[in-house]
Every structure is written in structure tokens, then in C-alpha cells.
Amino acid sequence: MRRHGFVAGFLLLPVVVYLVFVISPYVQAFQIALTDWRGVSSGLNFVGLDNFRRMFGNDSFWQAIRNHAVLLVAMPLAIIALALAFAYLLNAPQGRSVRGAGFYRVVFFLPQVLAVAVVGVLFKAVYRPDASGVINGALIQLGIEPVGWLTDQTLALWSIIAVMVWQAVGFYVVLFSAGMAAIPKDVYEAAALDGAGRLTTFFRITLPLLWETVQVGWIYLGIAAFDGFALVNVLSVEQGGPDGATTVLATEIYKNAFGYSRFGYASALGVALFFLTLTFAAVTMRVTRRERIVY
């Protein structure tokens, strides 16, 4: 009994802090979503589900959902595929090691230590539409017309996804490298004796034994795909342009709350984003669940 009381005493403060700073804001957001509060009055005028009805009838909301769908498919696939490939090459389970593997890990990880806003400003210079832009400057030198990477409706979202991939892939290279390093070398030696090539070894040994790490990475990246606020806010034209081509729910929340003072409607968007993220994480864990391989 004393032991339980001792443990409860240590858990009490963290639980209280979690309730105050995490659960309480969620509850307040759900409450504000049912009002027409504009952020300047002390009273809350209850409007029921009007904000949600307006949200479902708003084209900007559905455009943001479509953009999230593209992000959910393209960004995790690209990052995980590249990270797995780089990590497998750097770890060289069958003895064909890459010279300077430690140096490459540091280089891959460097973008991760940069603030997201700094990355956005950096690539704003890279994507400039004239000769001062890094890419367009090179294209002009080659006699090719400059491209509006961030002003073309077709290219804008993909240009931002490319930045997200560049910024995040290094972290997952390190994560997957750590997972691969934990796989016993005996397994690879046995596969080599059986004549398994590098590709067969990757798909039959490395990937199955690394599956739980890949699953966690996929969930993290999916949650990141439901955010994307900082890069979209810095890189896009007019916070989600051109013409909504790069808008995401986070930018819609920001614009409605701090641009138009529609805090009730912004909270409704936040509630929708909360349930979308939660649903994605639950469905992903359910769909990708498989028997654990013990080694």
C-alpha cells in the first residue's frame, strides 16, 4: 500500500500538469468551436454546429483536405524510401561498407538541426522566379526559361513537398540506421551463405526486422503531413496560394483566427484537424500491424 502511495505521489504532479496544459486546451477548443467568439469579448455566444456546417460547405476546407491527401501519400513514401535506401547503403550489412559512413550520417542529419522557418527562408531564395534564384539562375545559364516553382499552381505544392523531404530525410536515415545496427550480423551471414543478394537481403531480412521502426516513422510523417504550417506559411504565395494550391488546415486556422478574428470557426477547423490526425494514426497502426519478429 505504501509503495502505491509513493508511486501515486510522484505521478500526481505530471498528471496535473498534463491535464492543465494539454487536456484543458483541447476541451476549451471544443467549447469555442461551438461559438461565434471573435477573440475580443469575454462572453461566448453559443451557435451549436454552425461552424462545422460552414466548414463543410467551404471550398477552402476541401482544398486543404485534398492537399493533405497528396502530402499523406507523397511525403512519407519519398522520405521513407530514401531514408531506407541511404541507411541500408551506409550500414552495409554484407560487408560492402561505404567509406566515411559516419560523415555522411552527419551530413544527412544537418538539415534536421535547422529551424523550419530558416529552411523556408533558405528555399525561398532557391526557388526565386528570376535569375537570382539558385535553380532558375542555373536554368537561365543553360538557356532554359525560368520556372515559377512557387507561383505555378501545378508545381507549388510539389516544390514545398521537396523541401519537406530534404529537411526530414536525414532524421529517418539516422533512425533506420540505428534499427539496422541492432539486427544481428549472424542473420546476414546466414543469408549470404544461402546466396542471397543485397536486394533479396533487404526485402527478406532488413525490412521485416525493421518494420516496427518504419511503422512509427510513417505515423510521425503522417502527423507532419497534417501540419506543414511553417513551410507553407513561409514559402507559399499569400499563405496557401496560388489560389489555394498549397493551403493546409493549419494555415486556414491561422488566417481565420488571426487574420479574420473568427476564433470560433478556427477552433472548428482545429477540431477537424485533431480528429483527422487521430484517425490517421489509429488506422495506420491497425493496417500496418503484424506479428512481431523476435531476433
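Numbering starts at 1 and runs along the sequence shown.
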Can you get from Y127 to I140 by hopping between Ile, Leu, Val, Met, Phe, Trp and Tyr side chains that sit under 4.5 Å apart? no

Nonpolar side-chain network containing V118, other nodes, edges under 4.5 Å: none

Residues P129 and P146: closest non-hydrogen pair is O-CB, 3.5 Å

Which residues pass the side chain to side chain donor-acceptor pair (under 3.5 Å) test with Q31, not counting sequence neighbours? none

Is there a side-chain contact between V73 and L77 in this structure, where contact means two heavy atoms from C-beta onward sitting under 4.5 Å apart? yes

Of all heavy-atom pairs between I219 and F280, which one has the smallest distance, and what is that distance? O-CE2, 3.8 Å

Distance check, rounded to the nearest 0.5 Å: S60 atom OG versus D243 atom CG? 9.0 Å

My understanding is that only residues two or more places apart in sequence, or in another chain, count here; which of them pass side chain to side chain donor-acceptor pair (under 3.5 Å) with D227? none

Counting only heavy atoms not in Q153, do more than 12 fall under 6.0 Å of its CD? yes

Side-chain hydrophobic cluster, 4.5 Å single linkage: members besides L13: L12, V16, V17, V20, F21

I'd like to know if the side chain of D152 reaches the main chain of V147, judged simply by a donor and an acceptor atom lying under 3.5 Å from each other, with no hydrogens or angles considered. no

Which residues satisfy the side chain to side chain donor-acceptor pair (under 3.5 Å) test with R38, sequence neighbours excluded? none

Rounded to the nearest 0.5 Å, what's the gap from CZ on R54 to CG on D36? Could you check? 8.5 Å

Side-chain (N67) to main-chain (G244) donor-acceptor, under 3.5 angstrom: yes

So if you build clusters from Ile, Leu, Val, Met, Phe, Trp, Tyr with side-chain heavy-atom gaps below 4.5 Å, do V116 and F109 land together? yes

With no hydrogens and no angle check, do the side chains of Y265 and D50 hold a donor and an acceptor under 3.5 Å apart? no

How close do M164 and L71 get, counting heavy atoms only, and between which atoms? SD-CD2, 3.7 Å

Check whether any side-chain heavy atom of V121 lies under 4.5 Å from a side-chain heavy atom of V234, and answer yes or no. yes

Audit row: V47, L34, side chain to side chain contact (heavy atoms under 4.5 Å, CB included) steps and yes/no: CA-CA 6 Å; V47 295; L34 301 175; 5.8 Å; no

In terms of ring plane angle, is the pair W37 and F263 parallel, tilted or perpendicular, where the classes change at 30° and 60°? tilted

Candidate pair L72 and W218, rule side chain to side chain contact (heavy atoms under 4.5 Å, CB included), full reasoning: CA-CA 9 Å; L72 272 173; W218 194 283; over 6 Å; no

Side chain to side chain, V126 and I135, heavy atoms closer than 4.5 Å: yes

Can you list everything that forms a ring pair (Phe, Tyr, Trp, His ring centres under 6.0 Å) with F56? Sequence neighbours excluded, please. F61

Those residues at least two apart in sequence (or on a different chain) that pass side chain to side chain donor-acceptor pair (under 3.5 Å) with S24 are Q28

Side-chain donor-acceptor contact under 3.5 Å, Q63 with D59: no

Which heavy atom of P76 sits nearest to which heavy atom of L221, and what is that distance? CA-CD1, 3.9 Å

Going by heavy atoms in the side chains, are N136 and W149 under 4.5 Å from each other? yes

Quiz: residues 249-256 side-chain donor-acceptor pairs under 3.5 angstrom, not counting sequence neighbours:
| from | atom 1 | to | atom 2 | distance (Å) |
| --- | --- | --- | --- | --- |
| T251 | OG1 | T247 | OG1 | 3.3 |
| T251 | OG1 | V248 | N | 3.1 |
| T251 | OG1 | V248 | O | 2.7 |
| E252 | OE2 | T247 | OG1 | 2.9 |
| E252 | OE2 | K255 | NZ | 3.4 |
| K255 | NZ | Q239 | O | 3.3 |
| N256 | OD1 | R262 | NH1 | 3.2 |
| N256 | ND2 | E252 | O | 2.8 |

Among Ile, Leu, Val, Met, Phe, Trp and Tyr joined by side-chain contacts under 4.5 Å, find the other residues sharing a cluster with Y260 and list them by chain and number. none

Using the test side chain to side chain contact (heavy atoms under 4.5 Å, CB included), find all partners of V70 that sit at least two apart in sequence or belong to another chain. L157, W158, I161

Checking S267 against N51 for the side chain to side chain contact (heavy atoms under 4.5 Å, CB included) test, could you report, in this order, the C-alpha distance in whole Å, the side-chain angles of both residues, the deciding distance, and whether it holds? CA-CA 9 Å; S267 294; N51 287 323; over 6 Å; no

Please say whether more than 12 non-hydrogen atoms of neighbouring residues, nucleotides or ligands are located less than 6.0 Å from CZ in R204. no

Atom NZ of K124 and atom CG of L122: how far apart are they, to the nearest 0.5 Å? 12.5 Å

Are L273 and V22 in one and the same hydrophobic cluster, where Ile, Leu, Val, Met, Phe, Trp and Tyr link if side-chain heavy atoms are under 4.5 Å apart? yes

Specify whether Y26 and F274 have parallel, tilted or perpendicular ring planes, treating 30° as the upper limit for parallel and 60° as the lower limit for perpendicular. tilted

State which residues pass side chain to side chain contact (heavy atoms under 4.5 Å, CB included) with D130; sequence neighbours excluded, sorted by chain then number. R128, S132

Value rounded to 0.5 Å, distance of OH in Y88 from CG in L210: 11.5 Å

State, to 0.1 Å, how close M55 and A268 come at their nearest heavy-atom pair, and which atoms those are. SD-O, 3.8 Å

Could you tell me if the side chain of I160 sits less than 4.5 Å from the side chain of S236, heavy atoms only? yes

Atom OH of Y18 with >12 non-hydrogen neighbours under 6.0 angstrom: no

After noting the C-alpha distance and the side-chain angles of Q167 and L114, does the key distance pass the side chain to side chain contact (heavy atoms under 4.5 Å, CB included) rule? CA-CA 8 Å; Q167 197 263 340; L114 296 175; 5.9 Å; no

Below 3.5 Å, can you tabulate the donor-acceptor pairs from side chains in residues 168-180 to any protein atom, sequence neighbours excluded?
| from | atom 1 | to | atom 2 | distance (Å) |
| --- | --- | --- | --- | --- |
| S177 | OG | N91 | ND2 | 3.2 |
| S177 | OG | V173 | O | 2.6 |

So, T35 side chain and G264 main chain: donor-acceptor pair closer than 3.5 Å or not? no

